[in-house]
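Input: a single structure, listed below in structure tokens.
In the text below, chain A, chain B and the rest are named by the order of the sequence lines, each starting its count at 1.
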There are 2 protein chains.
Amino acid sequence: MNTKQTTARRGRPPKIARNNQDTKAELLRSGLELLTKQGFSSSGIDSILKKVGVPKGSFYHYFDSKEAFGREVIDSYAKYFEKKLDTHLLNNANKPLDRLASYVNDAKERMAHYQFERGCLIGNLEQEVTLLPTNYRAQLINVFINWQNKIATCLQEAQEIGDICPSANCCELAELFWIGWEGAVSRARLVQSTTPLTLFFEHYLKNIKLTN
Amino acid sequence: MNTKQTTARRGRPPKIARNNQDTKAELLRSGLELLTKQGFSSSGIDSILKKVGVPKGSFYHYFDSKEAFGREVIDSYAKYFEKKLDTHLLNNANKPLDRLASYVNDAKERMAHYQFERGCLIGNLEQEVTLLPTNYRAQLINVFINWQNKIATCLQEAQEIGDICPSANCCELAELFWIGWEGAVSRARLVQSTTPLTLFFEHYLKNIKLTN
DNA sequence: TATTTATTAGACGATCGGTCTATAATAAAA
DNA sequence: TTTTATTATAGACCGATCGTCTAATAAATA
């Protein structure tokens, strides 16, 4: 990749050198990292800025408020995550249920890689929803609906090739996946081990095959 | 009960009148309420005090620090909750799986009663465990182990009367219950409805009957 | 009455989210 | 070229709130 970009940027240049291709994107990335660790309410703007070496003034140039910032972080995470889901769930090289397993394994590796310090942004915010700006609630629900639909489609394909019972309600099972998965992610962070994730998914798989 | 107590209390009397039989117990109760809503990190001591009408100085008379306070809140919640679990799970008037269902219904009613503002204290803290004093982690894990054992015993009784498959691993299934349940509680708070709880438990029941 | 103990009262510094003005460098306009 | 507008960084500042600590007060005790 060519990281060097010759397009001169307008505006006052930063005091301390930083690869300032896109300050806004860096703030979002840093914010995402912190929010996946700590949630929204406990994440101060200063901590987000410190990691990127950006002064506070810049933050309020790019974002109207912390609330607006949070909205964008959720959006960018949702987009990133949908892409990730697609790479697994739409991979025709694997059978539908193996695609799901592929996602699960990927997630397990990532959690272990970050020493179980990071969880799921949406899961974190879900739990502190009473503390969040009111309009976050609908946004979070929508993200879950999208994820759920992707799983449901995958399960339906599994149903078509006879890997799960024809009478199973794939939408319900998809909802059930995310409910249990978020619980398992949370538990994995507590015990600092992937076993809750493994345990949950093993049973989930077994059960959707038997269901109804 | 006789709430009137004539024993004169030592020390400086409160400026504003309050039924100060046991200030410490009141602080714990108020803390529990707030931590169940907001978790630990976002709960300010001032808010806990304001609800009970106690000045800040009293807090640090009864507790060494917020950390020590949190430990006691967890302890008292764990005790309260174990008692609650026992009243359902040891109720011989019902069959084992009906006892579990009885707990689930109770929890659903309570969540609805509080308009889904309160969740599970342990579930809340579990998710913010990286922000908590380090020794909380082991404490939380222990609480889950206790809860899990109670469910496991109940499942084993169901197994003995043939309501679930003889080859099922009751300990694993009990762990699975809490993993999924916490996920369902979290989702219920998000969508402000008991349907996630119902959905989870319906499938859980169905699956432990079929398992293996 | 003098001392000890229990409890309340409120000061304290650090940090929070958010706003503000000043500064700097470029692009566009003249 | 010179001027102006635009973009962006810099960081002081504000009121609110965080957890902690010290001083003050009154009852119990000796």
Using a 4.0 Å cut-off on heavy atoms, which residues in residues 64-77 of chain A reach DNA chain C? List them by number, or say none.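 Listed by number, they are A:Asp64, A:Lys66.
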Look at the side-chain N and O atoms of [X] and state whether any lies under 4.0 Å from the OP1 or OP2 oxygen of [N].
X: B:His61; N: C:dA6; value: no
X: A:Tyr60; N: C:dG18; value: yes
X: A:Tyr62; N: D:dT9; value: yes

Interatomic distance where [atom1] belongs to [X] and [atom2] belongs to [N] [whole Å]:
X: A:Lys50; N: D:dG11; atom1: NZ; atom2: P; answer: 15 Å
X: B:Lys56; N: C:dT7; atom1: NZ; atom2: P; answer: 20 Å
X: A:Phe63; N: C:dG17; atom1: CZ; atom2: P; answer: 15 Å
X: A:Asp46; N: D:dC18; atom1: CG; atom2: C1'; answer: 14 Å
X: B:Ile48; N: D:dT17; atom1: CD1; atom2: P; answer: 15 Å
X: A:Phe59; N: D:dT7; atom1: CZ; atom2: P; answer: 20 Å
X: B:Ile45; N: D:dG19; atom1: CD1; atom2: C1'; answer: 5 Å
X: B:Leu131; N: D:dC18; atom1: CG; atom2: C1'; answer: 15 Å

Mapping A:Ser43 and A:Gly57 onto DNA chain C by nearest heavy atom, which one lands closer to the 5' end?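 The residue mapped nearer the 5' terminus is A:Ser43.
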Where does the angle between the aromatic ring planes of B:Phe201 and B:Tyr204 fall among parallel (under 30°), tilted (30 to 60°) and perpendicular (over 60°)?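 The rings of B:Phe201 and B:Tyr204 lie parallel, inter-plane angle below 30°.
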Below 30° counts as parallel, above 60° as perpendicular, anything between as tilted: where do the rings of B:Trp147 and B:Trp178 land?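 Geometry flag for B:Trp178 against B:Trp147: tilted rings.
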Check: residues 42-55 of chain A side-chain donor-acceptor pairs under 3.5 Å, at least two apart:
from    : atom 1 : to      : atom 2 : distance (Å)
A:Ser43 : OG     : A:Gly39 : O      : 2.6
A:Ser47 : OG     : A:Gly44 : O      : 3.4

Going by salt bridge (charged side-chain N to carboxylate O under 4.0 Å, His left out), name the pairs with one or both residues in residues 118-145 of chain A, residues two or more places apart or in two chains.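 Output for this query lists A:Glu33-A:Arg118, A:Glu126-B:Arg187.
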Counting the benzene-type ring for Trp, do A:Phe69 and A:Tyr62 have ring centres under 6.0 Å apart?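 No, the ring centres sit 6.0 Å or more apart.
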B:Trp181 ring center within less than 6.0 Å of B:Tyr103 ring center: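 Aromatic pair counts; centres sit under 6.0 Å.
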Any carboxylate oxygen within less than 4.0 angstrom of a Lys/Arg side-chain nitrogen, looking at A:Arg189 and A:Glu117?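 A salt bridge is absent here (no side-chain N lies under 4.0 Å from a carboxylate O).
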